[in-house]
Each structure stands twice: as C-alpha cells, then as structure tokens.
Amino acid sequence: MERLVRDSVDIEYETLSGEEAMETLAQRGNEKTRLLLCSKNKSSVNVYRIGSYIQLSYEPIVPNTSMLSLWELRKYGDKGMLLRYPVSQNVKEMQNFRDNPLLFKVFEEYKSWGKVLGVKSLGEMNRVTVQGGAREYVKLCEDLHRRKIASIADKIKEKGAKIVFVAGPSSSGKTTLAKRLSEELRLLGFKPFKISLDDYYNPPSMAPLDKEGKPDLEALEALNVDLIDSNMESLLEGKPVNLPQYDFNTHITTFSPVPVRMEEKTIMVVEGIHALNKRITEGIDQRYIFKVYISALTHINLDDSNRISTSDNRLLRRLVRDYRTRGMSAERTLNMWPSVTRGESAHIYPNQNNADVMFNSALDYEIGVLSTYVIPLLSAVGKDEGPAYTTSRRLLSFLDNVYPIPGSFVPSDSLLREFIGESDYER
C-alpha cells in the first residue's frame, strides 16, 4: 500500500462488456461481484483499473494513488486488522482512534447470521428474491429481531432494572424498539410505560446554534433537561407525574391529563437520542438502570469490495419517513442530513459504549423494500439542487443494483413499518 502511494500509479476508468467483466472478476475469485453483475445482466460495466487489477466502484474514485497518503492499518483483536481513513466531511485529517467493542461484537454476530441464511451480499439477496424466496427471507430476518428483543427483556429482568434507557442515532428505530421491548416486558410480568425524550424539546428558538448558525436540534441543550430531571426524580420517589407531549408542528408542549406512577412491577422505558447521555442518567442509582444502544448496522455488502454504508441505510429510512409523515421533499431531507450526522458524531456516538447491550435494527431485506418507496423521491431531485442532487444520483446508482421486495411482505409489527407506515405502533 505504501509503495502504491509512493509510485503515484494512475487509477483508470474504463468500460468493459458485461461478459468480459464477469469473466475477469470470476477469474480473480470475486464471486459476489460476479453474482451481482449476473443479477443485473448489463451489456456494459464501468470499472476502475490499477495496472492489471480491476474492480467495480459505485462512487467516484481519485485519479491517482498518490492522493491516498492518509490512512492507518492496525492490528485488531486476535486475528483481525483495521484499515482507517478520514471521514468524508474532513478528508485532510485522521480522527483519533476510538475503539467500539460493542459495535464490533454486533457486526461479528450478524455476519455469522448471514452465513446461516446464505445471504452475505446484495447479489445473493437478489438471487433469493428472483427465486421466489423473499417472503420467507423477510420472515427469518423478522424472527431474528424478535429473538434479540426477547433476550434483551430477559437481561433487564435478570438485572432487576426499573428504568430502561434506549438511545441511538436518527432513523435507527428507537420508538418501535421501545414499544416492542415493552411488550416483551409485559410477558415477563412487568407493567412498562414509555417516555419519549422528544416530548421534552424546547421550541427551536431556544436551541443552541450549530456552526452554520442554525438551531442544533441534536444537542442535549435543545431539550428541557431540568424538566427531565424533575420528572425522573418524582417518578423514582413514587409520585404521580403528568408527562409532557410536544407537537413538532406547532412547537407547543401540553401535558397528559392522566398521570403515571412507579409501582412495584413498573418499568420505565425511556427512548431518545440522548437517553445514554450521562447528564440524563448520572443522578440515578445505576443498579436500577439498563441501557440499550440501537443502530442500523447493515452487514450485507454490495459485492466483494464495496460495502453498504450504515449511514446511507438510515438516510433511506429517513427519506421515506419524512415524506410520509411530514410531506418533506427528498431535497430538503438530503440538505438536512449533514447537520444530523454532525450532531450524532458530537452528541450520540460518544455515549454508545455506555450501553449494557447494543441492538442492531437493520433488517437485511429492508433495502429491497425501501427502494420501491425512495427511488421516486430521489428521482425528483433536480440538477440545480447542488449537493442534494449529487447525493441523490449516488444513491440512485447504488439502488439500481437492488431487486425490489414488496412492502406487503413486511409484518405490521416490524420495526421497518416505523418508516414505511401502517405500523401497529403508530399513535
């Protein structure tokens, strides 16, 4: 790698016939890439070449290896290695290394599950779909979610927790997980009630400003933290509390007329992007707290050399939900997304290793379902929309490889229904 950078080798962009590309990739042992090309059956394929090595890429590539001087390769675990490079928002600096053992454990677990199902790449999922196995595949993915949620409920009972905090980034599925976890706790004899930290938002005019001078709604200070503290303290003392309800359209807070109260078998399930923030949890006896971190950690790869971004997966969810529930155009959601991800990096990710358990909300089949909803939205983004147009074209190029899976295959209690609609848990 160091030699390639030092030798300043050109990276060439060229077009091969579909047959030539599949033959070349098969000879190199790139079976997943060959399978993806077979599923699309294209007459020509765009590839990148470095000397005799060729590979597909679904995003722009730098023209010369000399531009790739900033990277780090380090040992990871007993028999692994970790390749690190700058984040796309700042390609001139390497971020400090921060280990995420819970994250790695989840990826390892779901990679093993992919081997059991025989689906580890998009080409393999397309093959299942075209052979008529999509409905069963959806069911198996959903069954895995049910087993994981039930196991989390068992751990909560084992610890004797009275408060469960569920946190995660935007579009990770916090709301549905909190409700499904409440159902599992009910089956174990508890009486759970849910609190959403979204109901503690102050009006946007009271939120701190981000570096662009806009309200930073991802910051903890955008919430009424004093009211959160007061409500938690009262509930833990056994006092009745009328919980707030925040309207995102009017920015007005009202209070539930029926109070809630902690009793012997009561468990409080608190969900929100800041639910693992120490400012929220530090004043509570840790013996009675159970912390869950949720994120959509896609483990299916496009092919042998290209991964599916977990951030892109959440963005697709967000695009569909924003349009369905708020009538927001794809352009508006795409323009907001960089601010959302900056806020997550600053306020949410640093707290993920505070969790007792991490739940992967990604459903392997979901890209097939989301594609049918999101492609029309992305296609409507015009050329004059700047960065939003660039991102929409990139996502459309990626989605062009996906075989659609009918939304009717998705059960009504699925976490994915939080985004595509018709969920059992919509209030």
(message) Under a 3.5 Å threshold, yes or no: a donor from one side chain and an acceptor from the other, between Asn313 and Thr298?
(response) yes
(message) Do the side chains of Asp154 and Lys157 get close enough for a salt bridge, i.e. N-O under 4.0 angstrom?
(response) no
(message) Please report the interatomic distance CD1(Ile367) to CD1(Ile300), rounded to the nearest 0.5 Å.
(response) 7.0 Å
(request) Test ring pair (Phe, Tyr, Trp, His ring centres under 6.0 Å) on His251 and Tyr201 and set out the steps. (result) CA-CA 8 Å; His251 306 301; Tyr201 265 105; 9.5 Å; no
(request) Find out whether Leu235 and Ile195 are in side-chain contact, i.e. whether some heavy atom of one side chain is under 4.5 Å from a heavy atom of the other. (result) yes
(message) If we count only N and O atoms by modelled type, under 3.5 Å, do the side chains of Ser423 and Glu418 hold a donor and an acceptor together?
(response) no
(message) Quiz question: by atom type and distance under 3.5 Å, do the side chains of Thr33 and Asp304 form a donor-acceptor pair?
(response) yes
(message) I need the single residue from Asn231, Asn224, Asp226 that forms a side-chain hydrogen bond (donor to acceptor under 3.5 Å, both in side chains) with Tyr200. Which is it?
(response) Asn231
(request) Look only at the side chain of Thr341 and the backbone of Pro338, and say whether a donor-acceptor pair between them is shorter than 3.5 Å. (result) yes
(message) For Arg417, is there an ion pair with Asp413 - N to carboxylate O distance below 4.0 angstrom?
(response) no
(message) Does this structure show an ion pair linking Arg314 with Glu344, if we count only N-O contacts that are shorter than 4.0 Å?
(response) yes
(message) Could you check whether Lys42 pairs with Asp400 (Lys NZ or Arg NE/NH1/NH2 to Asp/Glu carboxylate O, under 4.0 Å)?
(response) yes
(message) Quick one: does any side-chain atom of Arg324 pair with a main-chain N or O of Phe419 as donor and acceptor, under 3.5 Å?
(response) yes
(message) Here's one to test your reading of the geometry: is the NZ or CZ of Lys265 within 45 degrees of the ring axis of Phe190 and under 6.0 Å from its centre?
(response) yes
(message) Under a 3.5 Å distance rule, please check whether Ser256 uses its side chain to pair with a backbone N or O of Val258 as donor and acceptor.
(response) yes
(request) Examine distances only and state if a side-chain atom of Asn360 and a backbone atom of Ala296 form a donor-acceptor pair shorter than 3.5 Å. (result) no
(request) Verify the distance criterion only: is there a donor paired with an acceptor across the side chains of Asn202 and Tyr246 at less than 3.5 Å? (result) no
(message) Strictly below 4.0 Å, N to O, side chains only: are Arg394 and Asp312 in salt-bridge contact?
(response) yes
(request) Give a yes or no on whether the ring-centroid distance for Tyr137 and Tyr365 is below 6.0 angstrom. (result) no
(message) Under a 3.5 Å distance rule, please check whether Asn46 uses its side chain to pair with a backbone N or O of Leu56 as donor and acceptor.
(response) no
(request) Using a cut-off of 6.0 Å, state whether more than 12 heavy atoms not belonging to Met206 lie near its atom CE. (result) no
(message) Closer than 3.5 angstrom, by distance alone: can the side chain of Asp216 be matched with the main-chain N or O of Glu218 as a donor-acceptor pair?
(response) yes
(message) Can a donor-acceptor pair be found, under 3.5 Å and without considering hydrogens, that links the side chain of Asn353 to the backbone of Asp99?
(response) yes
(message) If we count only N and O atoms by modelled type, under 3.5 Å, do the side chains of Ser361 and Arg317 hold a donor and an acceptor together?
(response) yes
(request) Answer yes or no: is there a donor N or O on one side and an acceptor on the other, between the side chain of Ser371 and the main chain of Gly368, under 3.5 Å? (result) yes
(message) Between Glu124 and Lys32 (salt bridge meaning N to carboxylate O under 4.0 Å), is one present in this structure?
(response) no
(message) Please check this pair: side chain of His274 against backbone of Leu223, looking for a donor-acceptor N/O pair closer than 3.5 Å.
(response) no
(message) Nearest 0.5 angstrom please: Ile405 CD1 to Thr372 OG1, how far?
(response) 9.5 Å
(request) State whether Arg34 and Asp303 are salt-bridged, where the test is any N-O pair (Lys NZ or Arg NE/NH1/NH2 against Asp/Glu carboxylate O) under 4.0 Å. (result) no
(request) May I ask you to establish whether Arg180 and Tyr425 are in a cation-pi arrangement, using a distance under 6.0 Å from NZ or CZ to the six-membered ring centre and at most 45° from the ring axis? (result) no
